[in-house]
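Note: hydrogens, waters and symmetry copies are ignored here, and every other heavy atom, side chains too, is used.
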Amino acid sequence: MSVARQMPFDPAVFLASAGLGRRLISVKAKGVFFAQGNPADHVFYLQTGRAKLTVVSGAGKEATITLLAAGDFIGEESVAGVVGCHMATASALTACTALKIQRAEMLRVMHEENAFSDMFLTFLIDRSMRIQADLVDQLFNSSERRLARILLLMAEFGQPGEPEKLIPKISQETLAHMIGSTRTRVSFFMNRFRKLGFIEYNGRIHVNKSLLNVVLHDQKFEHNAQSAALFSNELEEKNVTRRRASGKTE
């Protein structure tokens with residue numbers, strides 16, 4: 001009598017279907033996966049859609065930590081050694097489907113399946129590098145460049161495969177929260193991007209590759225060569241103004 005062979009563990013299959021300790025959920029646009037301060041007892045795997053992580057200060061000021069896309073985990077702090085609370089709110093930018101995994105099941109599969117542990121560790125490293133890049137962007141780049149970077153990230157430029165280009169419908173108020181600016185400033189930058197041919201929008205935003213070239217290579221095109229640099233660094237501008245005011249020259 002032959003013994004049935006056990007199928008090898010496949011992380012993709014595990015994350016695509018419901019099972020013991022995990023279930024598929026749907027979250028509508030603007031819906032919440034979990035809120036800041038909720039118990040961190042589940043990890044979510046985003047199958048489709050776009051989401052974001054935001055934090056709110058004691059004074060009520062909201063800031064966006066990072067954007068999330070299909071293939072990302074949400075709430076990875078739930079597998080920390082001590083059960084705590086979520087430090088941020090995860091909400092859907094578009095309609096999403098996700099696999100909701102109980103903390104105990106997440107820990108079990110991490111301990112028992114090396115393939116899954118390797119995949120999850122790779123995600124954590126990528127997330128850490130992304131957050132560091134976001135921090136550098138927030139500290140040193142102008143709000144205009146930050147907006148360009150957000151639009152490119154949402155269009156998935158630089159990711160495997162063809163970029164989406166037509167990004168999910170998003171308000172200027174939401175974009176302002178993401179880059180730490182005001183809706184008025186975002187409106188001004190968006191109009192300038194459109195005039196320069198970097199984007200097109202009529203309800204939804206279409207991102208052109210020329211915006212990527214400017215951000216990555218700081219290229220200046222002939223049609224705006226006479227204007228001020230599109231992505232000038234605000235900190236440098238302030239430093240130059242101070243030096244001139246004090247009588248110092250470069």
Side-chain angles (χ1 to χ4, degrees), residues 36 46 50-57 61-74 76-77 87-94 122-160 163-165 167-168 170-194 196 198-199 201 205-221 224 227-241:
Q36 185 175 332
L46 191 58
R50 303 287 186 86
K52 64 176 180 175
L53 286 179
T54 58
V55 293
V56 178
S57 69
K61 184 177 181 180
E62 181 180 294
T64 298
I65 300 175
T66 191
L67 300 176
L68 304 163
D72 285 342
F73 288 93
I74 311 174
E76 61 273 16
E77 63 271 20
M87 302 298 291
T89 295
S91 55
L93 288 171
T94 66
T122 298
F123 163 79
L124 292 178
I125 294 173
D126 288 345
R127 168 67 61 81
S128 176
M129 293 172 63
R130 165 73 178 279
I131 291 177
Q132 288 183 51
D134 290 343
L135 178 60
V136 170
D137 188 50
Q138 191 72 26
L139 290 174
F140 297 112
N141 287 330
S142 67
S143 53
E144 194 168 30
R145 184 187 285 270
R146 294 199 300 273
L147 176 60
R149 182 171 177 270
I150 286 293
L151 294 175
L152 290 167
L153 287 172
M154 294 190 72
E156 298 187 351
F157 277 92
Q159 298 297 319
E164 294 291 334
K165 294 187 180 179
I167 69 175
I170 187 169
S171 69
Q172 291 185 353
E173 189 72 31
T174 300
L175 288 171
H177 286 156
M178 290 180 177
I179 67 172
S181 186
T182 64
R183 192 205 62 77
T184 302
R185 293 289 286 169
V186 168
S187 178
F188 174 79
F189 296 144
M190 292 288 283
N191 285 330
R192 179 145 70 169
F193 289 169
R194 180 167 59 178
L196 294 172
F198 298 146
I199 66 171
Y201 67 92
I205 303 168
H206 183 283
V207 179
N208 294 323
K209 190 175 181 180
S210 55
L211 185 60
L212 177 66
N213 292 333
V214 170
V215 170
L216 290 181
H217 307 298
D218 202 23
Q219 293 179 357
K220 299 177 178 63
F221 297 89
N224 70 328
S227 63
L230 179 61
F231 295 116
S232 57
N233 189 298
E234 291 176 350
L235 294 178
E236 181 60 26
E237 289 176 354
K238 291 178 182 177
N239 289 336
V240 171
T241 301

**Request:** Identify the two heavy atoms, one from Q172 and one from S187, that lie closest to each other, and give their separation to 0.1 Å.
**Result:** OE1-CB, 3.2 Å
**Asked** Passes side-chain contact (heavy atoms from CB on, under 4.5 Å), R192 versus F198? Steps please.
**Response** CA-CA 9 Å; R192 179 145 70 169; F198 298 146; over 6 Å; no
**Complete:** Residues I179 and S143: closest non-hydrogen pair is CD1-O, 3.6 Å
**Prompt:** About how many Å separate CZ of F188 and OG of S181, when rounded to the nearest 0.5 Å?
**Reply:** 11.5 Å
**Item:** Contacts of I65 that satisfy side chain to side chain contact (heavy atoms under 4.5 Å, CB included) - sequence neighbours left out
**Value:** L53, V55, A88
**Prompt:** Minimum heavy-atom separation for N208 to I199, with atom names?
**Reply:** ND2-N, 3.9 Å
**Test side chain to side chain donor-acceptor pair (under 3.5 Å) applied to E173 - qualifying residues, sequence neighbours left out** = none
**Message:** Test of understanding: with side chain to side chain contact (heavy atoms under 4.5 Å, CB included), list the residues that count as partners of D72, not counting sequence neighbours.
**Reply:** L68, A69, F123, R127
**Asked** Does the side-chain contact (heavy atoms from CB on, under 4.5 Å) test come out yes or no for N141 and R149, once each step is laid out?
**Response** CA-CA 10 Å; N141 287 330; R149 182 171 177 270; 5.6 Å; no
**Request:** Measure the shortest side-chain to side-chain distance between M178 and K52 over non-hydrogen atoms and say whether it is less than 4.5 angstrom.
**Result:** yes
**Asked** Between CG of L93 and CD1 of I170, what distance do you get to the nearest 0.5 Å?
**Response** 5.0 Å
**I74 versus A90, closest heavy-atom pair with distance** = CG2-CB, 3.5 Å
**Message:** Is the shortest side-chain heavy-atom distance between H177 and T54 below 4.5 Å?
**Reply:** no
**Asked** Is T89 reaching over with its side chain to a backbone N or O of Q36, donor-acceptor style, under 3.5 angstrom?
**Response** yes
**Message:** Within the 4.5 Å heavy-atom criterion, are M154 and I205 side-chain neighbours or not?
**Reply:** no
**Request:** List in chain and number order the residues that pass side chain to side chain donor-acceptor pair (under 3.5 Å) with N191, two or more places apart in sequence or in another chain; answer none if no residue qualifies.
**Result:** R194, Y201
**Message:** Whether D134 and R130 form a salt bridge (side-chain N of Lys/Arg under 4.0 Å from carboxylate O of Asp/Glu) is what I want to check.
**Reply:** yes
**Prompt:** Stepwise, does the side-chain contact (heavy atoms from CB on, under 4.5 Å) test hold for R50 with L67?
**Reply:** CA-CA 7 Å; R50 303 287 186 86; L67 300 176; over 6 Å; no
**Asked** If every non-hydrogen atom of V207 is compared with every non-hydrogen atom of L151, which pair is closest and at what distance?
**Response** CG2-O, 3.9 Å
**Message:** Test of understanding: with side chain to side chain donor-acceptor pair (under 3.5 Å), list the residues that count as partners of E62, not counting sequence neighbours.
**Reply:** none
**Message:** Holding to side chain to side chain donor-acceptor pair (under 3.5 Å), I want the full list of residues that pass it with T174, two or more places apart in sequence or in another chain.
**Reply:** S171
**Message:** Between D137 and R145 (salt bridge meaning N to carboxylate O under 4.0 Å), is one present in this structure?
**Reply:** no
